There are 2 protein chains.
Amino acid sequence: MHESFNESTEMYLKTIRELSIDNDLIAISALARRLEVSTVSATEMVHRLEEHKLVEHTPYKGVQLTGIGCQHAAEIIRSHRLWERFLADHLNIPWARVHEVACRLEHATDTKLTEALDAFLGHPTRCPHGNPIPQAGGVLKTAVTTTLNTLKPGLTCEIIRIHPESALLLEYLASHDVKPGNQLHIDEIAPFNGPIMVTIGEKPHALGQEIATHIFVTVIGSDA
Amino acid sequence: MHESFNESTEMYLKTIRELSIDNDLIAISALARRLEVSTVSATEMVHRLEEHKLVEHTPYKGVQLTGIGCQHAAEIIRSHRLWERFLADHLNIPWARVHEVACRLEHATDTKLTEALDAFLGHPTRCPHGNPIPQAGGVLKTAVTTTLNTLKPGLTCEIIRIHPESALLLEYLASHDVKPGNQLHIDEIAPFNGPIMVTIGEKPHALGQEIATHIFVTVIGSDA
DNA sequence: GATATTTATAAGGTTTGCCTTATAATACCT
DNA sequence: AGGTATTATAAGGCAAACCTTATAAATATC
């Protein structure tokens, strides 16, 4: 039970796990999009991963992680989120930046290091962006949340997590006070997939529909 | 002024700097040996580095770092040694292991992260193996030391640093109490490049000549 | 100065992960 | 059922860093 596969392999495993809810099938096209490679390249790589028994590919349907693949993906995500905590809490690196730094560190991190880091941090349960940190065994507990794009005006919510994360997205959200723990009121939703007008801490913000799919919240009240 | 070159490039730069005292010429064969690649591959790579103005190659003589190359090497070594301090002091990873872990982390570390880490650690000056941590500008101060293999029996020394480091070497040294700060008495030196018999904290140890070249000490006393 | 050793170069190969373009197979929709 | 869109495969290529084997050039040694 040692370390890492190579970085590319790890990125695929991690991305598949990030994109799938409950280990459902992920379209290779979606995977390719997120990894910023061509679908041909992604297909090729998926074949390689399949040979290593890390994923299963159902042609024309999608990919999903095998047990080993899933376990390994969890380890990468675990180390990623622990690093994020360290970077944010101890090195004072800005909330929006820790993600991309952790993206690099995660591939240089073996199990022993991950566990040492976890102990140092006092076994945190969530990353700075609100996402749960898988446990050493790969188990992950997710709170019941909704994405902002599914809600109606008049509701007040607490921001719980941002997912999936990306450097650009986090930078944008940080500049609009969209961070876990903050309260948000849905003022209005413009028609034709227009922006969602919200208030966060007295300040109004307009959030696009696509961005809203990354914002997980729990409803805590209603105007009515 | 951004980040890293690729890992391979960084390994070459770092190794050249580690092997050279005072930026003197390093034989490509020595470089190849340390990097565990063929001399042909090392030569090839040196040409590539030369094109990027990171090294200068004098045929049949050796390589040396250019200003930029040297600066970059210093940054890698800086981050390496800072990581070692973090791993040893905060994560309680064993003295002999931190080197190889840091070897991976260093390539995932940019200048901002390095500086944040430096501040967190309180600007340490030496790694756990006694080697000086280059300053942000690349400046490095080395204490006046001798390697153990150059000394005569009857001398008492303080172990100052282990250099160059490698996982195997450190593991061996750790098991023989050869660590910076410890005192060492040279009991006897066997003929024909035989082992150096020493006493460290009441316990006798036999150290090979090659190993002795990695042990830097200062003489603090003599039997006579 | 001749020989042995070290160093450099040339030629051809491998692996990994990516690319593009083109075509074939399947799925989805009306 | 037919047409469009998606997905898969085939073919050919590229760059980086390695490899081996063979030969040539420079240096070191006797």
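A, B, ... follow the sequence lines: proteins, then strands. Residue 1 opens every chain. Just so we're clear, the structure is a prediction, and the values are computed from it rather than from any experiment.
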I want to know whether A:Phe86 and B:Phe86 have ring centres closer than 6.0 Å. yes
With a 6.0 Å cut-off on ring centres, are B:His80 and B:His99 close enough? yes
Heavy-atom contacts, protein to nucleotides 25-30 of chain D, under 4.0 Å, summarised as B (base), S (sugar-phosphate only) or - (none) per nt, yield BSS---
Salt bridge (charged side-chain N to carboxylate O under 4.0 Å, His left out) with [X]: which residues, sequence neighbours excluded?
X	answer
B:Arg34	B:Glu18
A:Arg48	A:Glu44
A:Glu115	A:Arg78

Using a cut-off of less than 4.0 Å, is there contact between a side-chain N or O of [X] and OP1 or OP2 of [N]?
X	N	answer
B:Thr39	C:dT7	no
B:Ser38	D:dC19	yes
A:Ser41	C:dG17	no
B:Tyr12	D:dC18	yes

Of all the heavy-atom pairs spanning B:Arg85 and B:Pro128, show the shortest one and how long it is. NH1-N, 3.6 Å
Heavy atoms under 4.0 Å, any strand shown: does B:Ser8 hit a base, just sugar-phosphate, or nothing?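 Counting heavy atoms under 4.0 Å across all strands, the contact made by B:Ser8 is with sugar-phosphate only.
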Filter on ring-ring contact (aromatic ring centres under 6.0 Å, His included), then keep only pairs touching residues 14-56 of chain A, sequence neighbours left out; what's left? A:His47-A:His57
A:Thr43 side-chain proximity, nearest of D:dA17, C:dC19, D:dT9: D:dT9
Lys/Arg N to Asp/Glu carboxylate O, B:Lys14 vs B:Glu106, below 4.0 Å: yes
In whole angstroms, the gap separating C1' of C:dC18 from CG of A:Leu31 amounts to 14 Å
For B:Glu36 and D:dC19, give me the distance from atom CD to atom C1', rounded to whole Å. 15 Å
Residue whose nearest DNA chain C nucleotide is more 5′ - A:Asn6 or A:Val40: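 This one resolves to A:Asn6.
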I need the residues from residues 44-57 of chain B with at least one non-hydrogen atom less than 4.0 Å from DNA chain C; give them sorted by number, or say none.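 Going residue by residue through residues 44-57 of chain B, the ones with a heavy atom under 4.0 Å of DNA chain C turn out to be B:His47, B:His57.
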